[in-house]
Structures are given as C-alpha cells and as structure tokens.
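Encoded as structure tokens, the structure appears first; notes follow it.
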Amino acid sequence: MDLLRHLRHFVVVARELHFGRAAQALGMAQPPLSQSIQRLERELAVELFDRSRRQVRLTTAGRLLLGEAEELLAGELRVRHLMRQVRDGALGVFRAGVPPETPAVTLRALLDRLAAAAPGLDVDLHELTSAEQVRMLAERRLDAGLLQYPEEPAGLRFGPPVTAPVGVLLPRASPLARPREVALADLAGLDLVAAPRSTAPGWYDHVLDVCRRHGFTPGRVRPARNPEFVFGLLLAGGAVALEPESLARREPRIAWRPLAGRPLVKRTAAAWPDRAPHPAAPMFGQFAAEVLATVEPAPPAAVTPSARPWPVLFDATSD
C-alpha cells in the first residue's frame, strides 16, 4: 500500500470536506478518490469521514489523523528536497585537490563560485600535486582534482581544459631576457628548475622530451616545488624554468619570454572518476575552467631596497 499517496488524498478531502472538489483539486476522478479513502480506512481500521449526513464531516479519528498526516507529508517534502540537493551536488562534503602553486586569488574565486552556487556544500580542499591527485582519485579519496597534464589518465572524466603557453623564466638582468622570445636551443649549458618528477611524471617527461628535441639538454634538473624557491634558484644564476607567464608576475626581478615556435603548452582541467562521480564534480570542473581563464594574480608591488630578496608566497612547507 502506498500510504503517503492515500494520506495526500485524505488531506485534500479533509480540507475540502467535499469529494467532488477534492477530486478536482487532485486532478482525478471522484470514484478512484473515494476508493483511495476507503482503502486507507480499511488499512487503519477506522472511519475517517462521517458520511451519514448530506455534508461530509471528519470523525474523531479523522481530525486526529489530519495533523499527523500533514506533518508526515511535510516531512516527506523535506526529505525529497534534501535528497534532491544532495543529488544536484548542493549538499554534503566535496573533497577536491588543487596544485600547490595555485594562486590565492584563484582559490578565492573558485571557492566563492562554489559557495554562491551551492551554499550548503562543504568543500574540503587539499593541496596536492597532480600525481597525488590521480592516485587519490583512483582510490576514491578525492571527489575531484585540478590536474596539470599532457595526457588524460585512464578512468577519469575531464572538465573543460584551460591552456597556457609555457615560456622561459629567467632573471631580468640575464642577456637572454633582451629578445622578445627565446629558442630552447639558446638555453644550452643552463640548468633547468622544475617540480620533481614524482609530482607530475607525465608532464615532467614531456617537458624534457620537448627540450631535447629542440636542442636543450639541461646540465641538471634542479627540483623545486615552491615558487619562492624557484625564484631563489633563478636569481642565483645559471638556471632557467619553463612555466606559464602568470608565475613570473609574482616576482618583479624575474622575466618571462615566450618560446620560439610555442613548443610547450600547459593544460589544466578538473578531473573526477568516470564511474559514480560526485554530483558536484561537473560544476566544479566548469567553475574551475572559468576561473582559470579569467583570474590572474595581481601585479607585484615595487621592490624597495629594504625588501627581502624575494617575497614570501607560501608559508606551508612541502615534502
């Protein structure tokens, strides 16, 4: 027996005290409505309406049931609304990963978009490398991640990608910073500052392969995860980094020059498991693409003689 359906019929009849008007309000014929009320009365073993007079009246059982039925039906609506919000990704906990170098302004914009669209969603954000995110997505310990990748790992679904040309980061005082663009072959004899291979193996191998094919074999690869540390190694001399232009804007003494021929492009996109994904994952992917395409870090302040050698960008230590 569909108790809730019969209770809905009962409440309308109890309010109208007229089977014809109740049937019209419910959009059904009167005979099925009468049968529904009779079925409910048999199920509860009581009479809910006094039909002995020309006017329909509630019995004592009917009056007592009306309040309970209205409360029960209101609870059903709340449950359905709650589950619809969960299904739409507007409620619950959403575990997401972002790269450690993600600028604060980008994180703020992304979190603001999510909060505006789903104020009941608890976003549990984690600072993770691409490799860590891929592993945790596979283990279902993350609901979505923000990956920087040259290829799409298996088992993941991706949101809209945002691409950024990769150029050379080097000190402004370097002779290589004078031309408008730099060929990879011009970097011969220099070291390369890059994130450790373990953070994003696919991207790491792709960068070194492109460098070799274009005449640049680094003397050695110096690992650096924190942008502040990257800048310090570059300013010490003898090394360059290959990154998007946005990173250079954080340090006024670092210049960015595009690579001749544009051989390297960094692609970033949200990713989530292709099976049983979190309902909020596609929304996260769309918002991430929009934010990454529009939000840029603010220009750095001018450096004064009393300033530190380079600004502190992150207080968190890396492994």
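Reckoned from all heavy atoms, side chains included, excluding hydrogens, waters and symmetry mates. The first residue in the sequence is number 1, and the count goes up from there.
- The heavy-atom pair separating Arg172 from Pro252 by the smallest distance is NE-O, 2.7 Å.
- Within 6.0 Å of the CD atom in Glu16, the count of heavy atoms belonging to other residues, nucleotides or ligands exceeds 12.
- A donor-acceptor pair under 3.5 Å is formed between the side chain of Glu132 and the backbone N or O of Thr129.
- Under a hydrophobic-cluster definition in which Ile, Leu, Val, Met, Phe, Trp and Tyr are linked whenever side-chain heavy atoms come within less than 4.5 Å, directly or via other members, Leu26 and Leu72 are assigned to the same cluster.
- In this structure, Arg95 contributes its side chain and Arg140 its backbone to a donor-acceptor pair below 3.5 Å.
- When side chains are defined from C-beta on, Leu121 counts as touching Val123, because their heavy atoms get closer than 4.5 Å.
- In this structure, CG in Leu156 is found 10.0 Å from CH2 in Trp272, a value given to the nearest 0.5 Å.
- Ion pair Arg8/Glu76 flagged as a salt bridge, since at least one NZ, NE, NH1 or NH2 atom sits closer than 4.0 Å to an Asp/Glu carboxylate oxygen.
- The neighbour count for Arg21 CZ, taken as heavy atoms of other residues, nucleotides or ligands under 6.0 Å away, is above 12.
- Atom NE2 of residue His278 and atom CG of residue Asp143 lie 5.0 Å apart, to the nearest 0.5 angstrom.
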Query raised in the report: Hey, mind stepping through Arg51 and Glu41 against salt bridge (charged side-chain N to carboxylate O under 4.0 Å, His left out) and telling me if it holds?
Result: CA-CA 13 Å; Arg51 303 174 179 83; Glu41 289 176 323; 3.2 Å; yes
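- Around the CZ atom of Arg213, the shell of radius 6.0 Å holds more than 12 heavy atoms that belong to other residues, nucleotides or ligands.
- A 4.5 Å side-chain heavy-atom check between Phe10 and Ile37 finds at least one atom pair inside the cut-off.
- Side-chain atoms of Leu66 and Leu58, non-hydrogen and from C-beta on, do get closer than 4.5 Å to each other.
- The two residues Leu233 and Pro223 come nearest to each other via the heavy atoms CD1-O, 4.5 Å.
- The two residues Val210 and Pro263 have their closest heavy-atom pair at CG1-CB, 3.8 Å.
- Summarising the geometry, atom CG belonging to Leu4 is positioned 11.0 Å from atom NE2 belonging to His9; distances are rounded to the nearest 0.5 Å.
- Gln133 and Gln148 share no donor-acceptor pair across their side chains, judged by distance under 3.5 Å alone.
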Requested in this report: Given side-chain contact (heavy atoms from CB on, under 4.5 Å), test Asn226 with Phe231 step by step and report yes or no.
Outcome: CA-CA 9 Å; Asn226 192 306; Phe231 298 147; over 6 Å; no
Query - side chain to side chain donor-acceptor pair (under 3.5 Å) between Ser246 and Arg249, worked out - result: CA-CA 5 Å; Ser246 58; Arg249 296 195 181 107; 5.3 Å; no
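- Here the side chains of Pro218 and Leu190 are not in contact, with every heavy-atom distance at 4.5 Å or above.
- At most 12 non-hydrogen atoms from other residues, nucleotides or ligands lie less than 6.0 angstrom from CD of Glu71.
- A donor-acceptor contact shorter than 3.5 Å is absent between the side chain of Trp203 and the backbone of Ala195.
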